[in-house]
Amino acid sequence: MCGIFGIYPHKDAAYLTYLGLYALQHRGEEASGIITRNGKRVYLHKALGLISDVFDEQIIRSLRGELAIGHVRYSTTGSTHIKNTQPFYVKSKIGDIAIAHNGNFTNTVQLHTELEKNGALFQTSMDSEIIAHLLAHSQKKDIKETVIWALSKIEGAYSLVLMINDILIGARDTFGFRPLCLGRLDSAYILTSETCALDLIGACYIRDIQPGEIIFIHKDKIESITPFKKTRCAFCIFEYIYFARPDSNIFAHNVYMTRKRLGMQMAVEFPVKVDLVMPIPDSGTYAALGFAEALKIPFEFGMIRNHYIGRTFIQPTKIQRDFRVKIKLNPLKEILNGKKVALIEDSIVRGTTSRTRVKTLRQAGAKEIHMRISCPPLKFPCFYGIDFPTKKELIASKHTLAWIRDFIGVDTLEYLSLEGMLNSMPLPKENFCTACFTADYPVYPLSGLSKRILER
Ligand code: SF4
């Protein structure tokens with residue numbers, strides 16, 4: 001996870017980046033940052049916290065220049081610490097470099113070791129910093145060749161927004177794991193993780209950055225290149241299931257409609273006779289709409305969400321997660337008492353959150369609870385920038401369906417089939433990464449990966 005945004009050239013670059021990051025806040029709540037450049041110098045502000053905590057009007061006004069890049073962080077390599085915030089900035093022999101990165105490299109340890117041997121001094125424990133050192137170590141003559149050389153060394157997942165002097169650069173790895181799209185507002189070009197950021201600032205969507213593409217945005221021209229050997233596409237299917245905002249188009253297709261189709265497919269595979277269909281809000285809402293519509297069963301909100309609490313899955317420690325689960329959703333006794341309920345959720349990671357929620361539904365009087373999950377069981381770690389890194393943490397990797405059903409405390413539990421999930425997607429199934437369900441990894445890490453791999 002992480003949300004990235006870049007704009008150039010626009011007189012309100014910092015303010016528009018601030019708004020864009022607001023729209024991308026769901027991709028990372030740990031830290032936020034913006035860097036701008038006005039042709040002579042850079043202005044940087046970043047800190048731990050949400051966009052609304054980190055920035056105010058005065059700070060935004062102090063970020064001068066027509067070029068800006070921004071980042072909201074959810075850590076997947078490097079702990080939650082002020083030094084590990086982005087955009088990461090260095091002054092180097094090629095000039096000012098700033099990096100906003102979404103994804104995880106799979107050859108982090110090898111590159112890190114090699115660069116350290118050659119004299120690189122690392123300031124952070126983020127894999128993203130490696131890009132800065134590669135750019136600085138390049139012997140190539142111009143910026144374009146330097147970027148190509150640096151990215152050619154990296155394996156794994158990256159969607160990047162870079163600032164090198166007065167050039168805004170966007171890049172996506174050849175598999176296209178994480179999203180990145182191009183938009184336009186007035187004479188400015190915008191690079192962003194999701195189209196909801198374009199909608200918020202009134203920009204139009206032009207197209208997705210293609211896997212393996214690098215785009216260079218100068219003040220007066222834009223240039224696109226695809227210098228790397230083609231690989232298969234491996235768009236993260238989890239963007240459609242859980243991560244992306246439902247009002248975004250990801251990989252050029254709408255998330256809301258896809259989630260609804262997943263719900264409809266669940267109704268085909270695992271219908272159930274109940275009084276009402278309810279989601280775990282907000283994660284299960286859109287699949288629940290599809291499920292209820294397909295079975296012609298009333299859709300109700302059996303739990304009301306407290307909107308002043310962030311998403312629980314993306315809180316980094318267990319204590320924080322447990323606390324948030326309890327205060328986030330309030331069950332509605334008037335809806336639930338004596339009712340048979342189909343409870344729709346998008347996924348189960350550890351199972352502890354679902355268990356707590358089901359307990360509160362029982363306490364509110366639900367007579368039967370039939371849980372339906374709009375993706376197959378999550379069994380394998382993700383090496384491409386999503387934080388369920390060890391098999392140990394994934395309940396479905398060690399337990400049977402019956403065990404999980406009893407642990408969560410529901411009457412029945414069913415997961416959507418792999419085929420059903422893939423058939424509900426708006427793109428052909430060969431385009432997707434499904435490794436966390438199937439262990440079919442498009443690219444393997446060269447050695448063990450973990451969040452604190454560079455802190456050992
Ligand atoms: S392993 Fe799963 S979460 Fe990770 S990129 Fe692939 S589909 Fe997405």
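First listed ligand is number 1; within each ligand, the first listed atom is number 1. Heads up: numbering here begins at 1 and tracks the sequence. In this text the structure is predicted, and so the values were computed from the model without any measurement.
- Within the listing of ligand 1, atoms 3 (S), 5 (S), 7 (S), 8 (Fe) sit less than 4.0 angstrom from a heavy atom of C236.
- At a threshold of 4.0 Å, the pair E223-K144 counts as salt-bridged, since one of the basic side-chain nitrogens sits closer than that to a carboxylate oxygen.
- Under the 4.5 Å side-chain criterion, counting only non-hydrogen atoms from C-beta, P179 is not in contact with F235.
- Interface atoms of ligand 1 facing C436, defined by a heavy-atom separation under 4.0 Å, are 1 (S), 2 (Fe), 3 (S), 7 (S).
- Using a cut-off of 2.8 Å, one finds that C433 contributes no N/O/S atom close to atom 8 (Fe) of ligand 1.
- Annotation: side-chain hydrogen bond (donor to acceptor under 3.5 Å, both in side chains) contacts involving residues 225-237, sequence neighbours excluded, comprise T174-T231.
- Ring pair F270/H370: centre-to-centre distance not below 6.0 Å.
- Among the backbone and side-chain atoms of C382, none of the N, O or S atoms lies under 2.8 Å from atom 6 (Fe) of ligand 1.
- Scanning Y441, F437, F235, Y384 for the heavy atom closest to atom 5 (S) of ligand 1 points to Y384.
- In this structure the side chain of Q86 reaches within 4.5 angstrom of the side chain of M126, judged on heavy atoms.
- Counting the atoms of ligand 1 from 1 in the order shown, those under 4.0 Å from a heavy atom of A435 are 1 (S).
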